Amino acid sequence: MYLQSTLTVARNLLGKFIVRKWRNQNIMGKIVETEAYIGPKDKASHAFRGKITKRNTAEYMTGGHIYIYLVYGMYWQLNISTNIKGKPECVLIRALEPIFPKRPKVIPNGPGKLCKFLKLNKSFYGEDLTKSKRIWLATSISSRQASSKRRENRGDRIKKSEIVVKKRIGIDYAGEWAKKPWRFYLKGNQFVSKK
DNA sequence: GTACAGATTGAG
DNA sequence: TCAATCTGTACT
């Protein structure tokens with residue numbers, strides 16, 4: 001799943017569910033927006049030119065690990081490493097559609113707010129999504145909590161025509177790379193970030 | 001030790 | 001349009 005090319009994974013993640021166990025309840029959201037970062041060639045990647053720092057080592061991990069870091073001193077960014085060990089590629093999760101709670105205080109319609117919604121912080125750095133007991137991915141949701149929207153919650157049924165491809169956000173400094181169409185989101189979904 | 005950028009956000 | 005806010009990194 002996570003070992004394929006980053007662009008493929010970024011696409012495949014759309015419509016999947018993130019489940020986060022927190023205080024005896026499962027916070028859930030459907031992924032509606034992702035971006036691909038493909039180092040070392042990608043200037044917008046933290047691993048541009050193969051740079052290895054303390055901050056970005058998780059990006060080099062084998063697919064399925066969490067790469068989380070702080071930007072602007074305030075906001076966490078949730079990434080999932082992709083491809084094999086040693087390839088600094090990852091997918092940034094930019095927005096979720098809240099499933100539970102359905103009307104959260106913080107709406108996860110942006111990468112910073114998404115981490116607030118899921119109660120994520122540095123303690124998740126390098127977490128293995130395939131093994132973790134506190135956060136994992138699901139392709140569909142069978143829980144009662146999501147039953148009212150069961151029809152929309154078929155995470156594995158995203159059609160190609162429902163995916164919009166655009167250039168990435170907030171990386172104008174990356175020149176040519178900023179124009180790459182490596183941002184994916186679900187057409188018409190109200191929780192996709194703006195700008 | 002200091003300087004400074006930064007994959008954002010919400011208020012104005 | 002713009003400032004808040006702070007960690008990691010690259011310097012001295």
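This one's a predicted model, so the numbers in the text were calculated from it and none came from an experiment.
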Worksheet item: How long is the line joining CG of A/Asp172 and P of C/dT1, in whole Å?
Response: 13 Å
Worksheet, complete the sentence: Taken to the nearest whole Å, CH2/A/Trp76 to C1'/B/dT8 is 14 Å
Item to complete: Taking only the side-chain heavy atoms of A/Pro111 (C-beta and beyond), determine which of C/dT9, B/dT9, C/dT7 contains the nearest atom.
Response: B/dT9
Discussion item. As a test of reading the structure: which of C/dG8, C/dA4, B/dA7 is closest to the side chain of A/Arg55, going by heavy atoms?
Written reply: C/dG8
Discussion item. Please determine whether a side-chain nitrogen or oxygen atom of A/Arg94 lies at a distance below 4.0 Å from atom OP1 or OP2 of B/dT8.
Written reply: yes
Worksheet item: With under 30° as parallel and over 60° as perpendicular, where do the rings of A/Trp182 and A/Trp177 fit, or are they tilted in between?
Response: tilted
Response to the item:
Quick note, A/Ile171 side chain, CB onward, closest among C/dT9, B/dA7, B/dT8 is B/dA7
Fill in: Separation of atom CG in A/Asn79 from atom C1' in B/dG6, rounded to whole Å
14 Å
Worksheet entry | Any donor-acceptor N or O pair under 3.5 Å, side chains A/Tyr37, A/Glu35 | yes
Worksheet item: Does a donor on one side chain and an acceptor on the other come within less than 3.5 Å for A/Ser193 and A/Glu33?
Response: yes
Item to complete: Return the minimal non-hydrogen interatomic distance between A/His46 and A/Glu59, and the atom names on each side.
Response: CB-OE1, 3.6 Å
Response to the item:
Across every strand shown, the nucleotide meeting Watson-Crick or G-U wobble geometry with B/dC4 (both distances under 3.5 Å) is C/dG8
Item to complete: Give the rounded distance in Å between these two atoms: NZ of A/Lys54 and P of C/dA10.
Response: 13 Å
Worksheet entry | Atom-pair distance (NZ on A/Lys167; C1' on B/dA7), nearest Å | 14 Å
Item to complete: Could you check how far CD1 of A/Ile38 sits from P of B/dA7, rounded to whole Å?
Response: 17 Å
Worksheet item: NZ of A/Lys43 versus P of B/dA5: gap in Å, rounded?
Response: 14 Å
Item to complete: Look at the side chain of A/Tyr69 against the base of B/dA7 and say whether a donor-acceptor pair falls under 3.5 Å; ignore hydrogens and angles.
Response: yes
Discussion item. What's A/Leu70 touching, base or sugar-phosphate or nothing? Going by heavy atoms closer than 4.0 Å.
Written reply: sugar-phosphate
Fill in: Selection from B/dG10, C/dT9, B/dG6 that lies nearest to any side-chain heavy atom of A/Lys113
B/dG10
Discussion item. To the nearest 0.5 Å, what is the distance between CG on A/Leu137 and CG on A/Asn12?
Written reply: 11.0 Å
Item to complete: Please determine, for the side chain of A/Lys122, which listed nucleotide (C/dT7, C/dA4, B/dT9) has the closest atom?
Response: C/dT7
Worksheet entry | Verify same cluster id: A/Leu186, A/Leu7 (apolar side-chain graph, 4.5 Å) | yes
Discussion item. Can you see if the side chain of A/Tyr173 gets near the phosphate of B/dA7 - specifically, an N or O under 4.0 Å from OP1 or OP2?
Written reply: yes
Response to the item:
From CD1 of A/Ile52 across to C1' of C/dA10 the rounded distance in Å is 17 Å
Worksheet item: When the nearest nucleotide of DNA chain C is assigned to A/Asn56 and to A/Tyr75 on a heavy-atom basis, which residue is associated with the more 5' position?
Response: A/Tyr75
Worksheet item: Does a side-chain N or O from A/Thr53 land closer than 4.0 Å to OP1 or OP2 of C/dG8, or not?
Response: no
Worksheet item: Stacking check: are the rings of A/Tyr72 and C/dA4 less than 5.5 Å apart at their centres and under 30 degrees in tilt?
Response: no
